[in-house]
Amino acid sequence: MFDPSIASYFINPVHVALSRKTVSLINPATLDKVGVYGAPDGALIDRILTRVNAAQAGWAATDCKSRAKVLHRIADAIEHSDMTQVARLMTLETGKPYPESIGEIANIPAVFRYYAELARHDAGKIAGPMQPGSFQYQTYEPYGVSVHIVPYNFPLILGCWTIAASLAAGNGVVLKASPAGTLCTMEFMQYFSALPDDLIACLPGDGAVGKHLIDSKLTHAVAFTGSVSTGRAVAVAAAQQMKPAVIEAGGSDPCIISSNADIDVAAAGVVTAAFLQSGQVCTSTERVYVVEDVHDQFVAALVKRAQQLRIGNGLDVAEIGPLVSKPARDKVIALVSDAVRKGAKVALGGHIPPNMDKGWFFEPTILTEMNDDMTLLHEEVFGPVVSIIRVADFDEALRRANASDYGLGACIFTSDLDEAFRGVNELKAGMVWVNNPLVDNDALPFGGMKNSGLGRALGAQGLDAFRQPKMVVIDPRAREADWWYPYPDDWFYSPTGDKGRSHS
């Protein structure tokens, strides 16, 4: 049983206390202490990894039908349990509104069911043989033990996206919990009890723990979600070990509002896409390019919608909770101040809410009259701020939406089918939503282009990220081939001009 007041790590099926120095976890809404976490040292990490590797050997030898049965049992355990405590802990330590915490958990079982069956179905392929009578095909093998490093904003589901795929492929798993997400993650680990002992572990701690896991010769694949700078460091570290890595490194997602958009629907969609979890979503809409003809109408509708949002503690009735920490809020304040200093107009918000001097709250903020000199348009804000950019037409909107180092997601609001397909084809982003932002699908790949990452989670690509293909050639009867050594003399080059006969 997990106790938030005691620092511990998890190796299936038990939590084990950590005796090293602990760090307090603070509720960002109230600044009250809600628990503690510690960090295992390198020697302990290696002992844990040794146990996971030993368990993985047996799991890799397990047939796919039996693996699928276990993954379905994990999904059953989540669906049939009261997840209130996990969701409550998530809200206490991250600040996200309780409906979003419980919603995150509710979406997890489906991904385990999806990969349970996909791994049974997509097990390889038979190729046409290059020699008569030969049987030639492709199969897959797991890498070994995969490392999963997750952020605080979705501390459970982002990890489960890649954990489910990795387990389905036959790997062992080590999850490095986000510091501001440790408590709910540790509480959640009990639902992996259907797995063989030692096959999955969860370690708390900071970046040093993650680095040790990536650098270790006892791990063999990496999944990371976080900032661009850390993502680059993870990519380099994994490459130095020749380990495959799936990296989702955030974004500054654009949205285009066409003159053919339903303005009321677009305003409602952008309010949700921009302010969900106080803007602390990697696919948050941050830059909105609005065609001149509908600019003022859209801004008015957006402000009206955003004014309905309630700010407060995530365990109360509120759509907008606090930012995760003081540094996170300080960054948002600095970016807004820079934009205002350079000419941006505040259509809504822009301040710490009045009478809320406790907690890391910031008002939902809408800025207009933006220009490309403002840092806000070139960095991931990760806060409740959306920038409105006036453009002459749809062509300019596409061009400026693509003028970014990020390429995670993008959305369009339009009723014009030609504009919709132009956006899908021309936007440089890993995901494009038309009239329906932020939707995920377990069967479709999630990830970005440019600085937003490498590889994909979810879909068939998400399974392939955690298994390596193997080519197999079987001749049922041993026989000599005509191209084996030694070569006939007439195959060799002749100085008289006869270059020998060809062979295959």
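Just so you know, these numbers use all the heavy atoms, side chains as well, and skip hydrogens, waters and symmetry mates. Positions are given from 1, in the same order as the sequence printed here. This is a predicted model, so every value here is computed, not measured.
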Sub-4.5 Å side-chain heavy-atom contact between Phe275 and Val386:
yes
How are the rings of Tyr191 and Phe188 set relative to one another: parallel (under 30°), tilted (30 to 60°) or perpendicular (over 60°)? tilted
### Task
Report yes if some heavy atom in the side chain of Leu213 is under 4.5 Å from a heavy atom in the side chain of Leu49; otherwise report no.
yes
Next item on the list: State whether a side-chain donor-acceptor pair under 3.5 Å links His72 with Glu117.
Entry: yes
_Cation over ring face, Arg400 and Tyr289, 6.0 Å, 45°_ = no
Next item on the list: Apply the test side-chain contact (heavy atoms from CB on, under 4.5 Å) to residues Ile163 and Ile200: give CA-CA distance (whole Å), side-chain angles for both, the deciding distance (0.1 Å), then the verdict.
Entry: CA-CA 9 Å; Ile163 287 170; Ile200 187 169; 4.3 Å; yes
- What is the ring orientation for Trp491 with Tyr487, classed by angle as parallel under 30°, tilted 30 to 60°, or perpendicular over 60°? tilted
Check your understanding: Should we count NZ of Lys450 as having more than 12 external heavy atoms under 6.0 Å?
Key -> yes
Within the side chain of Lys96, is there an N or O that forms a donor-acceptor pair under 3.5 Å with the backbone of Asn153? yes
With no hydrogens and no angle check, just 3.5 Å: does a side-chain donor-acceptor pair link Asp416 and Thr414? no
**Asked** Is there a side-chain contact between Pro97 and Thr91, using heavy atoms and a 4.5 Å cut-off?
**Response** no
Salt bridge flag under 4.0 Å for residues Arg422 and Asp395:
yes
Checklist line | Donor-acceptor under 3.5 Å (Asn12 side chain, Leu199 main chain) | finding: no
Check: Are any of the side-chain nitrogens in Asp442 or Arg113 under 4.0 Å away from the carboxylate oxygens of its partner?
Finding: no
Parallel under 30°, tilted from 30 to 60°, perpendicular over 60°: which one fits the rings of Phe192 and Phe112? perpendicular
Answer with yes or no whether the side chains of Thr219 and Ser216 bring together a donor and an acceptor at under 3.5 Å.
-> no
Practice problem: Flag the pair Pro40 / Leu18 as yes when at least one side-chain heavy-atom distance between them is below 4.5 Å, and no otherwise. | Solution: yes
message = For the residue pair Thr285 / Asp253, report whether a side-chain donor-acceptor contact shorter than 3.5 Å exists.
response = no
### Task
Step through the shown structure and confirm whether more than 12 heavy atoms of other residues, nucleotides or ligands are within 6.0 Å of CG on Asp489.
no
